[in-house]
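Following: one structure in structure tokens, then a few remarks.
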2 protein chains.
Amino acid sequence: MVANVDQGIPGLSASKARLKLWIQLLRNTRSIETEIRGRLRREFNETLPRFDVMAALYKNPDGIMMSGLSRVLVVSNGNVTGIVERLVKDQLAVRSQRDGDRRTWIIRLTTAGVEHFEMMANLHEQWIDELLQNIDPDHVDLLNTQLSGNLKYGQDKHD
Amino acid sequence: MVANVDQGIPGLSASKARLKLWIQLLRNTRSIETEIRGRLRREFNETLPRFDVMAALYKNPDGIMMSGLSRVLVVSNGNVTGIVERLVKDQLAVRSQRDGDRRTWIIRLTTAGVEHFEMMANLHEQWIDELLQNIDPDHVDLLNTQLSGNLKYGQDKHD
DNA sequence: TATAAATATTTTAATTTTGAAATATTTATA
DNA sequence: TATAAATATTTCAAAATTAAAATATTTATA
């Protein structure tokens, strides 16, 4: 057990205080995600994971590899396979093979996919703006810096 | 589209800046969750959702209802049913009926469950302490306040 | 007291998610 | 050039997750 010094909250060690705030952070972000998920379903009959993949594809009009999606969305490879499969089946995305590298797939939104995403994107941005109204962007920025500071592990590449 | 005023980041409207930071926040928290999930599996052959449920049960030695677990963990009712079922099967938790209300179940950790959780809890707390080393607790606290400020929707109760 | 509304939970079907193993391909090295 | 190592992706089985519907019970109300 870590020594009970340097405590910002009376009676709690620094590590316990950090743990508590971390749990609250997860809870709060999950609440907002739940709200967004419900609105996507009710307004557009769309799921959050599909929306997230489409957003990543929209940001990459020249296409992005499966592993790129996995990296920027911080989900497993196999997960991306399933979601993209369904988007392709719905003709919202296409897979193509390039590069002379026959292992890699390049994923793009179709015209219908772009239309579908743009139809949702404006309202989605307004929702985030509404739900995070109280947030000071500078604080989030700082916290993001602090959060990513210890990620010697996973993916923290820019977009 | 929201007017392009009050911009903290050049070229980005306030809502776009907020959206971008929100996505980064989700990505960073997810990276840390992924790391914790992997360590739990490798060190203890345990999953994160099960650990989270056990943590909530440990904090409530007098028991907590299924709906209470659902609320504090911000997951659906049906989800809790499945996880608790597996914990009960493994004899780490028990369900009991009290209150004179035959709809409700009170869930508790068994002695084995308490032992199992305590065995993991210290190391888990160290992991969080390590992974969030760069985090200023005051900033997380402030951000939590800001995040929960707009949650007229979901659950933001204490505990 | 019936009946309706509210509450607590489980069930169900579909999707999401993970980690590990398998497959295919490319790159590096002996 | 073989062979090994690395890379990219899919497949697989199990668990997690959701939303909606179903079930059971309690509480409120006419």
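Computed from a predicted structure; not experimentally measured. Here is the naming used below: chain letters follow the sequence lines, and residue numbers restart at 1 for every chain.
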For A:Ser76, which contact category applies under a 4.0 Å heavy-atom criterion: base, sugar-phosphate, or nothing? base
Does B:Lys89 pair with B:Glu85 as a salt bridge, N-O distance under 4.0 Å? no
Touch check for B:Gly78, heavy atoms < 4.0 angstrom, all strands: base, sugar-phosphate only, or nothing? base
Hydrogens and angles aside, do A:Ser15 and B:Glu125 bring a side-chain donor and acceptor to less than 3.5 Å of each other? yes
For B:Leu69 and C:dA8, what is the distance between atoms CG and C1' respectively, to the nearest whole Å? 13 Å
Residue that, paired with A:Leu57, satisfies side chain to side chain contact (heavy atoms under 4.5 Å, CB included) out of A:Val84, A:Ile64, A:Val114: A:Ile64
For B:Arg42 and A:Thr47, find the nucleotide of DNA chain C closest to each by heavy atoms; which residue's nucleotide sits nearer the 5' end? A:Thr47
Proximal nucleotide (of D:dA8, C:dA8, D:dT17) relative to the B:Ile83 side chain: D:dT17
Here the distance between atom C1' of C:dT15 and atom CZ of A:Arg41, to the nearest Å, is 9 Å
Among D:dT18, D:dT9, C:dT17, the one nearest B:Asn79 by side-chain distance: D:dT18
Has the side chain of A:Asp90 got a donor or acceptor atom that lies under 3.5 Å from a matching backbone atom of A:Leu92? no
Atom-to-atom span, CG of B:Leu48 to P of C:dT17 - whole angstrom: 14 Å
Would you indicate, yes or no, if D:dT7 has its OP1 or OP2 atom less than 4.0 angstrom from a side-chain nitrogen or oxygen of A:Ser67? no
Under 3.5 Å, side chain of A:Glu46 to main-chain N/O of A:Leu40, donor-acceptor pair present? no
Go through D:dT10, D:dA19, C:dA8 for me and flag the one nearest to the B:Met65 side chain. C:dA8
Below the 4.0 Å mark, does D:dT27 have OP1 or OP2 next to a side-chain nitrogen or oxygen of B:Arg102? no
By nearest-nucleotide position on DNA chain D, the 5'-leaning member of B:Pro49 and A:Thr104 is A:Thr104
If you draw a 6.0 Å radius around CD in A:Glu118, do more than 12 non-hydrogen atoms from other residues or ligands fall strictly inside? yes
Starting at atom CD of A:Glu46, determine the distance to atom C1' of C:dA14, rounded to an integer number of angstrom. 14 Å
What's the CZ-C1' distance between B:Arg71 and C:dT7, to the nearest Å? 14 Å
Which part of the nucleic acid, if any, lies within contact of A:Arg30, taking any heavy atom under 4.0 Å across all strands shown: a base, the sugar-phosphate backbone alone, or nothing? nothing
Whole-Å distance separating the CD atom of B:Glu85 from the C1' atom of C:dT12: 13 Å
Who does C:dA28 pair with, Watson-Crick or G-U, both distances under 3.5 Å? D:dT3
Please state how far atom CG in B:Leu73 lies from atom P in D:dT17, giving the value in whole angstrom units. 9 Å
For DNA chain C, whose closest nucleotide is more 5', that of A:Asp101 or that of A:Arg50? A:Arg50
Nearest to the A:Trp105 side chain among C:dA20, C:dT25, D:dT10, which nucleotide is it? D:dT10
Between C:dT10, D:dA15, D:dA19, which one does the side chain of B:Thr81 approach most closely? C:dT10
Is B:Asn77 near enough to C:dT9 that one of its side-chain N or O atoms lies under 4.0 angstrom from OP1 or OP2? no
Round to the nearest Å and state the distance from B:Leu26 atom CG to C:dT17 atom P. 12 Å
Heavy atoms under 4.0 Å, any strand shown: does A:Gly100 hit a base, just sugar-phosphate, or nothing? sugar-phosphate
Hey, does the side-chain of B:Arg103 have a donor or acceptor N/O within less than 3.5 Å of a partner on the base of D:dT26? no
